[in-house]
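Each remark here refers to the structure printed beneath this line.
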Number of protein chains: 6
Amino acid sequence: MKRIALIGVTGVDWWVDPKKKSFVRAVTPPGFVIENLHARYGTHSVESHSDEAYNAPFILEQIVKANKEGMDAIVIDCACDPILEAAREISNIPVVGVRKAALHLALTLGTKFSVITVQGQSLVKCMEWGVRKEGLDGFCVGVRCLKMPVLDIAKKPEEAQRELMEECRQAVKQDGADVIVLGCTGLSHEIDLKPIIDEVGVPVIDPFVIAVKTAALLVDAGLSHSKVAYPFPPKKPIVEDPSIKGSFDKVLKD
Amino acid sequence: MKRIALIGVTGVDWWVDPKKKSFVRAVTPPGFVIENLHARYGTHSVESHSDEAYNAPFILEQIVKANKEGMDAIVIDCACDPILEAAREISNIPVVGVRKAALHLALTLGTKFSVITVQGQSLVKCMEWGVRKEGLDGFCVGVRCLKMPVLDIAKKPEEAQRELMEECRQAVKQDGADVIVLGCTGLSHEIDLKPIIDEVGVPVIDPFVIAVKTAALLVDAGLSHSKVAYPFPPKKPIVEDPSIKGSFDKVLKD
Amino acid sequence: MKRIALIGVTGVDWWVDPKKKSFVRAVTPPGFVIENLHARYGTHSVESHSDEAYNAPFILEQIVKANKEGMDAIVIDCACDPILEAAREISNIPVVGVRKAALHLALTLGTKFSVITVQGQSLVKCMEWGVRKEGLDGFCVGVRCLKMPVLDIAKKPEEAQRELMEECRQAVKQDGADVIVLGCTGLSHEIDLKPIIDEVGVPVIDPFVIAVKTAALLVDAGLSHSKVAYPFPPKKPIVEDPSIKGSFDKVLKD
Amino acid sequence: MKRIALIGVTGVDWWVDPKKKSFVRAVTPPGFVIENLHARYGTHSVESHSDEAYNAPFILEQIVKANKEGMDAIVIDCACDPILEAAREISNIPVVGVRKAALHLALTLGTKFSVITVQGQSLVKCMEWGVRKEGLDGFCVGVRCLKMPVLDIAKKPEEAQRELMEECRQAVKQDGADVIVLGCTGLSHEIDLKPIIDEVGVPVIDPFVIAVKTAALLVDAGLSHSKVAYPFPPKKPIVEDPSIKGSFDKVLKD
Amino acid sequence: MKRIALIGVTGVDWWVDPKKKSFVRAVTPPGFVIENLHARYGTHSVESHSDEAYNAPFILEQIVKANKEGMDAIVIDCACDPILEAAREISNIPVVGVRKAALHLALTLGTKFSVITVQGQSLVKCMEWGVRKEGLDGFCVGVRCLKMPVLDIAKKPEEAQRELMEECRQAVKQDGADVIVLGCTGLSHEIDLKPIIDEVGVPVIDPFVIAVKTAALLVDAGLSHSKVAYPFPPKKPIVEDPSIKGSFDKVLKD
Amino acid sequence: MKRIALIGVTGVDWWVDPKKKSFVRAVTPPGFVIENLHARYGTHSVESHSDEAYNAPFILEQIVKANKEGMDAIVIDCACDPILEAAREISNIPVVGVRKAALHLALTLGTKFSVITVQGQSLVKCMEWGVRKEGLDGFCVGVRCLKMPVLDIAKKPEEAQRELMEECRQAVKQDGADVIVLGCTGLSHEIDLKPIIDEVGVPVIDPFVIAVKTAALLVDAGLSHSKVAYPFPPKKPIVEDPSIKGSFDKVLKD
């Protein structure tokens, strides 16, 4: 049995949510098991660059842990791909970025994509930055968001479903998208994409599902991220935060 | 059991090669079976736009057949992605282009890719066109080729292995590639990528393997290519080539 | 007298239409004669990638024929530029792509172009693909289409004229185009562009006219397409379609 | 007989050169006559942005004159396309930029172009600017120059021929060009491109020839540059240079 | 005291305007004095490529003068950056282009910019050209203009203020700009940007202010424009315009 | 007196270095004072994405502090621009990214830039990512590095000077750069750029100097980063790291 580490990027363990748990189980690729790791400290959600910055070392700590525990691949469970580049530097095993995997898959299915995320101008801008950072500006016809913030989705899933349907429709009709990527992994286990895909007539990509399956694909194909693109970082002295003392010994710390 | 149609794009059935056959079996995703379809007429290999043009309707005929036979997904077995857009128009089930899938996966693993294909200036230019057609010019640091034409690989696999190693090395050292994509599916079952990846230190992507696994990923995720990007073609009268008469009834023919 | 081969890309001979014939005569460059070749098999119109794929070898057969008959240049009579790259590979004489020639001329006259074609989402997507394939995405502000399919234009030319006027107006007003390229050579002999150009105030380029005149320009200037960009294809065995048996001997067939 | 105004951009009349004169005659399109206008003041050659700036109003004066004299089209005789945008604003008849026309024609014949101009770092940078200004950076694999300055070509044409051959070879071999554009109209009547094209195997485009023929093509096709892209300039008071007093009355001067 | 030459690009001395004069004084960087030079001949305003072409040698004459007088830096006082490249070639001291400086500063403050200029389609197109020339097309979401021409601003400054507020609002709301650059230095001393910035919530960049301060920054940092990018032009004979006779001796004239 | 907060991004206070201190003083803009803040925890240097990730919340803490202390602007003292986007979200005052400011200034002085940083493949890749993230790929002709790691520069400044001279020379000669940006602020106070600029003939930009002066320029011009591009992050519960408890109250923490 191969093991995928699913790294929660917030200070809370969202896997206590039975819906999340059973969704994860449902999309686990055959021959794999998905294990739950999450940041020990951090904001309750990641909706801004500031959230990413606060949570950064605590996510990185889990990347180190997943490597030490002999996992086969890592998925960072957030459509902002927080600290993806750092994680890849420090990791011997493939690290999959949810957004990166989904954006490129989108371009194998259509020609012009929209991203639809949950409420928040910060999050919209994170997604726009993400698209530019990947060099995919020229393929993106827009980033849209629901009116609902991520922490409300579980409370009002039907409303989220309705809002998502509407934004998908607009993305196709008004923006000219022919493929859509969701911009939040908090939507995955609350939303039913099937009726939306049927209605709008374009693929709507759940980045969480794609990331998990891509991780398995990479392991099966014997591939990982490029260590020329993401070389191991030089080791050096660290003035250590007492809360994570020792976690980076022999990895980042000299 | 889900069924993937592997469409041979040449006028000969390459599956008679036991190496090819056993390689296909080895990379078949769990829960899937791969079935062999191939063009009834066509050139013995596809190494140029002219080969693609000659073989086009005969490949398309197999796409129609795969749909009629109730397959779950289609992989076009050629790194030139011949008639991929046409196949997607006419197909109700996902059609995976080997090159398209591999190029985008490459960009999830590294930042600058090279393509390495078999001998032939036509093939090099096909690959360059393919990269531009995908809008990925800005990420490509070069297209290289072996000195050996595709139809010789099976005869001299060790030499092919050596040549490939050398071109990969050059791609990384001279061109600055941090990820490599093979530009011919005829290499897949003759070459051992493991020692090359270990030596050059960057992922070397076998597009055949990736395409087959991506097909499974799409089926599992309930996704297909966008029918807004690749709409069904309008039906119309055809002055039919007697050799393929009737094959496009109710699909392309009115 | 220099000879331009005008290659019909459909299975029917559209030159029987006296309007087409006299239009061709009217735009024939001085010192040149235009000769009529067309695919022996094929769909009645080319409005999709599928039409292109069906007709591909039969168009290619005519390219070979035009070369054998000692023509001086070739124009492929379709704004989808079907099999242009293959035709250029196999040809010793310049092959002009209607769309390619028109898009680039547009960019010598204005800064942002729109394409306007006849009815059909497939055709719109073919044009969008064409623009991306040429690497000209960044200059294109939109692809629009008439409500009328290509096979109806001859029946209702005044309505086509009215619809075209309206779409041109929208392209300039709404999309910000400062130059327009027609996306169908079936419009050329049915439409009067003069009043449209006068009304909308931007050049509206008939790609058919431009292609024919560019062919003459190339011949006069002693230029042809690059044989480094479009090298002769390697010859090889072919499992021949009986309907076109022998046509590719010593060209593509070994 | 249609009339093309060939606008000399320097303060000297280069048409006194019988080689130039007979070359112009040789490439004059059928049905056209080419007439000689040139700036009354200006530098003896245009090899820098500074030369362009000095000569600007005196070139513009000739554009106004060509319009007043009822010409049918204008060609600015310099591969730097000096004041092309201004000329188009002020002109009712098509104005062809030598470089603009040649760069775009190049991209209809090949996929990656080099520019080769005469000696001078200023000129090389003018060409690089020109390529970027057209938005064609992504298609250009290099700008090269001869060791010989423009004013020496007429004195040593054989050496110029040899140098050009060598630079073309390097452009193809080292830079990967598959089409070449000359970057100086002073080369046109001194150089024989035929043996160079035969040797290097890619089209080598004489921008002067192409510009003149494109001017004829536009007139024949009833096309001109876009007046939305290049609108007439607002008229206004001018503190007039006594040397060109009155030349812009009712055109630029209120 | 370091000296910045502010080069007026029109045939009239706009510094007689006390508002302009006191504005210039207010924005003069500490340790610097700004001196007034202006073209001796030229149009009353620069709103088109034609205006730029007419005024070109007379602006260039002032660049030479500023160098001779031992200035420390030059600012060309026009958002069209007229003859910027020529000025840089001929100058030993840094030459700052108002538009170039402002566009790049904009991209350090936001991600997608709009340009807002004064009335006139020519001016809008000049700005669009400017953006493309800088290679910044992909960052620009639109060029807008007031309904008021530049020469009316001083007469109706409040109306200009209202119009500018409205266009800024539209740029943000409709076009998605997150930073705005003014496209006319004639606005600077008539407009109060503070309330507009407060209202629309994005930086609105006065290019005049930025250019002057950038000039000081460069002098202080010991930097100038690249002489590899803008090499000194080769000297040569000139058929001199009597009105500027001698001005280019030993600079451009041999 | 206006105050610029210079934020040290490592866990050590580099300002104890008298060379650094006196350099900072020397480049302080008139009317400004620069104050020293630095991360309380973190790696000793920032040479990788991993270093950035470790240090992220501790840098962010200083951004909050600088805001609370009533500073006028912030400069993040590292050419990797660590957490720049987060800092801008959370800050009411302008935050200047050293790299972002320098790259864009480079493009106002030349046309094609190289980045030269200190030793380390991680750092080279950080810089390449940074260039792509800014959307400036098309202007960058290469990223080079010294053979010396950042922490050695102070020990062997003459060797660093020699190495930098050599890399600058290569960047211009081999890569075609016409402007160079240093990719490490640790070089600023150890290197004398004047002789290098004189030797290689292109501007070599010290990003530290430019960032500090740009901060002053923004304050003087009343500008800041766009709050539409970098909106305030939504507040929310945080599982706080005890080491930074309370630091984000009412800023990021609900």
Side-chain angles (χ1 to χ4, degrees), chain C residues 27 29-32 84-85 88 94-97 99-113 134-136 138-139 172 176-180 193-194 197 200-206 208-214 216-218 220-231, chain D residues 27 29-32 84-85 88 94-97 99-113 134-136 138-139 172 176-180 193-194 197-198 200-206 209-214 216-218 220-231:
Chain C
V27 300
F32 284 81
L84 175 62
E85 290 81 22
R88 287 184 159 194
V95 182
V96 176
R99 179 173 65 202
K100 195 190 264 280
L103 291 181
H104 278 290
L105 187 76
L107 287 172
T108 70
L109 301 181
T111 64
K112 294 180 289 186
F113 67 81
E134 298 292 333
L136 301 179
F139 303 96
V172 174
D178 54 29
V179 55
I180 291 169
L193 286 180
K194 185 77 174 58
I197 292 175
V200 297
V202 307
V204 182
I205 295 177
D206 179 332
F208 178 82
V209 173
I210 292 315
V212 164
K213 292 190 184 301
T214 297
L217 181 156
L218 292 175
D220 285 346
L223 290 170
S224 185
H225 55 272
S226 171
K227 288 308 292 183
V228 169
Y230 306 94
Chain D
V27 301
F32 284 81
L84 176 61
E85 290 81 22
R88 287 183 160 193
V95 182
V96 175
R99 179 173 66 200
K100 194 190 264 279
L103 292 181
H104 278 289
L105 187 75
L107 287 172
T108 70
L109 300 180
T111 65
K112 294 180 289 185
F113 67 81
E134 299 292 334
L136 301 179
F139 302 96
V172 174
D178 54 27
V179 56
I180 291 169
L193 286 180
K194 186 78 176 53
I197 292 175
D198 289 349
V200 297
V202 307
V204 183
I205 295 178
D206 179 334
V209 173
I210 293 315
V212 164
K213 292 190 186 299
T214 298
L217 182 155
L218 292 176
D220 283 347
L223 289 171
S224 185
H225 55 273
S226 171
K227 289 307 293 183
V228 169
Y230 307 94

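Everything numeric in this text was worked out from a predicted model, so none of it was measured. Throughout, protein chains are lettered first and strands after them, A, B, ... in sequence-line order, and every chain is numbered starting at 1.
Note: C:L107 leads C:L84, C:V179, C:V204, C:L107 in heavy-atom pairs under 4.5 Å with chain D. By number of non-hydrogen pairs under 4.5 angstrom with chain C, the leading residue of D:L223, D:L109, D:V202, D:D206 is D:L109. Here D:D178 is the residue among D:D178, D:T214, D:L136 with the most heavy-atom pairs under 4.5 Å with chain C.
Among all heavy-atom pairs drawn from C:G110 and D:A229, the shortest one is CA-CB, 4.0 Å. Across all non-hydrogen atoms, the minimal contact from C:T108 to D:A101 is CG2-CA, 4.2 Å. Contact detail for D:V228 and C:G201: the closest heavy-atom pair is CG2-O, 3.7 Å. Closest non-hydrogen pair, D:P203 versus C:S224, comes out as CG-O, 3.2 Å.
For C:V27, no part lies under 4.5 angstrom from a heavy atom of chain D. Contact of D:L105 with chain C is made through the side chain alone, with heavy-atom distances under 4.5 Å. With a 4.5 angstrom heavy-atom cutoff, C:L217 touches chain D via backbone and side-chain atoms both. For chain D, the nearby part of C:L218 is the side chain; its heavy atoms alone come within less than 4.5 Å. The part of D:I197 that comes within reach of chain C is its side chain, from C-beta onward, which places non-hydrogen atoms under 4.5 angstrom from that chain.
Listed by chain and number, the residues in a side chain to side chain donor-acceptor pair (under 3.5 Å) with C:H225 amount to none (sequence neighbours excluded).
With values rounded to the nearest 0.5 angstrom, C:E85 atom CD is found 10.5 Å from D:T111 atom OG1.
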